[in-house]
2 protein chains.
Amino acid sequence: MTKIKDVAERAGVSTATVSRVLGNKPYVRDEVRARVMQAVEELNYRPNLVARSLRAQRSNTIGLIVADIRNPFFTDISRAVEDTAYSQDFSVFLCNTDEDPEKEALYIDLMRDENVAGVILAPTRKTAKNFTKMRLGYPTVVIDRSVPINDSSKHDLILIDNQDAAYRLTTHLIENGYKNIAGLFGKDSYTGKERHRGFIKALKENKMAIPDEYVRFVPSKKAAGCAAAQELFELKSPPDALLTTNSLFTAGVLEAAQESSLSIPADIALAGFDDAPWTTLVEPKITVIAQPTMEIGRSATELLLNRISEPDLLARKITLQGKLIARQSSASQV
Amino acid sequence: MTKIKDVAERAGVSTATVSRVLGNKPYVRDEVRARVMQAVEELNYRPNLVARSLRAQRSNTIGLIVADIRNPFFTDISRAVEDTAYSQDFSVFLCNTDEDPEKEALYIDLMRDENVAGVILAPTRKTAKNFTKMRLGYPTVVIDRSVPINDSSKHDLILIDNQDAAYRLTTHLIENGYKNIAGLFGKDSYTGKERHRGFIKALKENKMAIPDEYVRFVPSKKAAGCAAAQELFELKSPPDALLTTNSLFTAGVLEAAQESSLSIPADIALAGFDDAPWTTLVEPKITVIAQPTMEIGRSATELLLNRISEPDLLARKITLQGKLIARQSSASQV
DNA sequence: CATTTTTCTGAAATCGTTTACAATGCTTTC
DNA sequence: GAAAGCATTGTAAACGATTTCAGAAAAATG
């Protein structure tokens with residue numbers, strides 16, 4: 001592999017000059033600059049990024065730590081992150097934690113060891129809780145799940161207003177005439193808790209009963225959603241509407257409804273989070289809160305790159321709104 | 001950040017010894033080893049991977065270059081790759097090419113610049129064609145799309161038998177009584193071509209006509225699939241069955257059928273590639289060739305790590321079978 | 001007990017860059 | 001015409017690890 005020394009020799013200059021040319025530093029004569037560029041060209045020289053990273057103590061790599069890339073929410077985000085990073089000459093390390101705090105801790109450390117420029121992190125609940133005390137050692141943007149933030153915080157935050165979104169989704173069901181609304185919430189997730197709050201708020205405001213058995217906290221898996229739905233269907237007074245707080249749950253409920261030959265929305269209405277690609281393919285189409293995944297990914301990356309160049313920026317918090325898309329699955333019962 | 005020198009001082013040894021201990025090299029007294037480990041512990045030392053990579057000329061990072069992580073096929077593969085890599089202490093660079101050869105070339109170079117240990121690559125058609133002449137400079141495993149391979153090749157290949165899979169899927173439609181079968185194939189993809197071949201073979205063997213207008217090569221996008229399907233539906237002699245060669249097409253066709261109020265399989269049967277999570281949620285459930293994505297990802301990573309430790313291994317080619325899962329969308333018309 | 005072999009350890013070179021610092025020459029200024 | 005300033009370049013020291021080489025100590029051999 002050709003190195004900077006070869007280029008220097010060929011151009012008849014020192015390595016320092018080559019480095020200056022490549023780094024677009026001032027104080028190089030145009031003539032020399034041209035000669036160096038030509039040598040670079042002729043030798044097809046490409047700088048070794050590892051050496052650069054070591055010496056300059058910075059790199060053009062960022063980390064993206066999420067629970068599971070197969071969750072469409074994270075899939076879309078990661079795509080947006082990668083795109084935005086690419087456009088600014090950054091590349092992306094992908095890490096799946098499976099909501100396992102140990103795996104997450106490992107990756108958080110690994111990112112430091114790899115000397116990444118910064119990290120976009122969707123923390124597990126445990127990490128979110130301890131976040132303030134865990135000096136990560138690199139610029140960080142937290143997405144999807146809230147972490148404490150104060151004057152001395154050096155991280156940014158991008159969230160959607162989960163409580164509000166759940167509130168609106170629930171209200172939508174109420175307005176469409178549903179009386180007995182159950183909800184499925186992610187067991188180990190922060191968002192689950194917040195969405196639960198919005199759900200409760202809407203029900204209370206409308207003076208509706210909230211039977212304990214209608215509120216289920218289960219692991220964020222399709223199978224868990226399916227099982228929980230089955231149980232709900234078999235209650236002696238089953239709900240007439242169901243709110244799901246992620247697309248895996250929605251899929252599970254759909255499966256359960258099929259198995260029980262329940263028709264949506266006649267027997268049970270359905271409204272959920274995340275506008276997964278298939279929500280308009282099924283019959284009926286599913287009412288959802290669409291999270292602005294592209295924008296989350298893009299903004300997160302922009303905030304991060306911004307913070308990388310100015311690490312001491314004050315903490316910023318961006319709250320985005322989910323978008324309610326009403327479809328057949330929650331059509332009015334009147 | 002604490003470095004190896006700090007550890008060495010604390011343990012009262014040289015940095016060389018510390019390095020030996022951490023690298024599990026022989027020739028270190030147990031007593032010394034213990035002392036070093038303790039110092040490591042006490043200082044909470046973690047080796048700088050960038051420095052290690054520079055000096056040792058190897059790293060524990062691999063690259064994964066695919067067209068689009070949002071394609072469920074690649075989503076699943078990338079998850080499997082990341083998992084397998086993780087279990088062997090490797091981490092993964094994720095790159096989306098969007099089937100753009102330029103973007104791909106950029107990433108292929110970038111991976112070298114980053115000094116990755118190896119790359120798993122789903123090449124664009126252009127790259128697949130020129131593959132032999134393009135000395136990548138690192139161990140490579142090619143997945144999903146075929147590239148030439150010969151005695152001196154230093155890359156491995158993991159494919160599914162596309163022709164056979166398409167042949168079986170087509171035959172399945174024929175056996176279920178469909179007479180006028182159209183097919184949607186990926187325009188710029190190798191797999192599209194191969195699947196087309198299997199499609200044709202099945203039709204020929206059954207002495208069925210193959211009208212030109214029934215064979216469509218379109219870009220691998222949902223919208224393109226939808227549009228193509230619309231056109232097919234409006235032919236004066238429309239097909240009674242449709243074969244789609246990826247899940248985006250399948251989704252597009254489904255949408256087109258809904259818009260045209262065609263019922264599946266009564267008006268038109270549907271069978272496609274890739275068992276996307278939603279294929280069992282729609283009504284009717286979709287008949288598919290399920291590609292063994294987990295196994296592809298896992299095997300690719302294993303082959304790669306294997307080749308990283310022994311770069312001169314002969315080229316290996318693994319062909320996996322797609323699995324036909326018959327569902328309602330292609331139910332017999334009898 | 002002398003010699004050879006083997007085990008253990010450290011000094012210093014190295015990986016390929018960037019960058020602090022010094023050195024050079026050329027203008028400008030008075 | 002000397003002093004000062006600025007633009008331009010090179011020398012050499014980092015960055016933080018691994019690894020070669022050689023030397024010291026210990027063990028094995030005759």
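First the proteins, then the strands, lettered A, B, ... as listed; each starts at 1.
At the phosphate of D:dT9, neither OP1 nor OP2 sits under 4.0 Å from any side-chain N or O atom of A:T17. Considering only side-chain N and O atoms, A:R55 lies nowhere under 4.0 angstrom from the phosphate OP1 or OP2 of D:dA14. Contact check, A:R29 against D:dT9: a side-chain N or O comes under 4.0 Å of OP1 or OP2. The side chain of B:K25 contributes an N or O atom lying less than 4.0 Å from OP1 or OP2 of D:dT19. Distances shown here put a side-chain N or O of A:Y45 below 4.0 Å from the OP1 or OP2 atom of C:dT17.
Between B:V13 and B:Q57, the residue whose closest nucleotide on DNA chain C is further toward the 5' end is B:V13. Between B:G12 and A:G23, it is B:G12 whose nearest contact on DNA chain C lies nearer the 5' terminus. Projected onto DNA chain D by closest heavy-atom contact, A:V28 and A:T15 fall at different nucleotides, the more 5' of which corresponds to A:V28.
When each of D:dT19, C:dT18, C:dG16 is scored by its nearest atom to the side-chain atoms of B:A16, the top-ranked nucleotide is D:dT19. Side chain of A:R20, nearest nucleotide from D:dG10, D:dA17, C:dT9: D:dG10. Minimum atom distance to the side chain of A:Y27 is reached by D:dA7, of the listed D:dT11, D:dA7, D:dC21.
A tilted orientation is assigned to the rings of B:Y86 and A:Y107, their planes being inclined by 30° to 60°.
Put simply, the side chain of A:N96 gets close to the backbone of A:I69: a donor and an acceptor are under 3.5 Å apart.
Few gaps surround CE on A:M294; more than 12 heavy atoms of other groups in view lie less than 6.0 Å from it.
Atom CD1 of A:I4 and atom P of C:dC15 are 15 Å apart (whole Å). If you take CZ of A:R52 and C1' of C:dG16, they are 11 Å apart, rounded to a whole angstrom.
Contact annotation for B:P26: no contact, since no heavy-atom pair falls under 4.0 Å across all strands. Among the heavy atoms of the strands, none lies under 4.0 Å from A:V50.
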Report task. Any chance you could lay out the salt bridge (Lys or Arg N to Asp or Glu O under 4.0 Å) test for B:R145 and B:E99, step after step, and finish with the verdict? Result -> CA-CA 12 Å; B:R145 298 136 193 227; B:E99 301 283 3; 3.0 Å; yes

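A salt bridge is absent between A:R52 and B:D113; no separation between the charged side-chain nitrogens and carboxylate oxygens falls under 4.0 Å.
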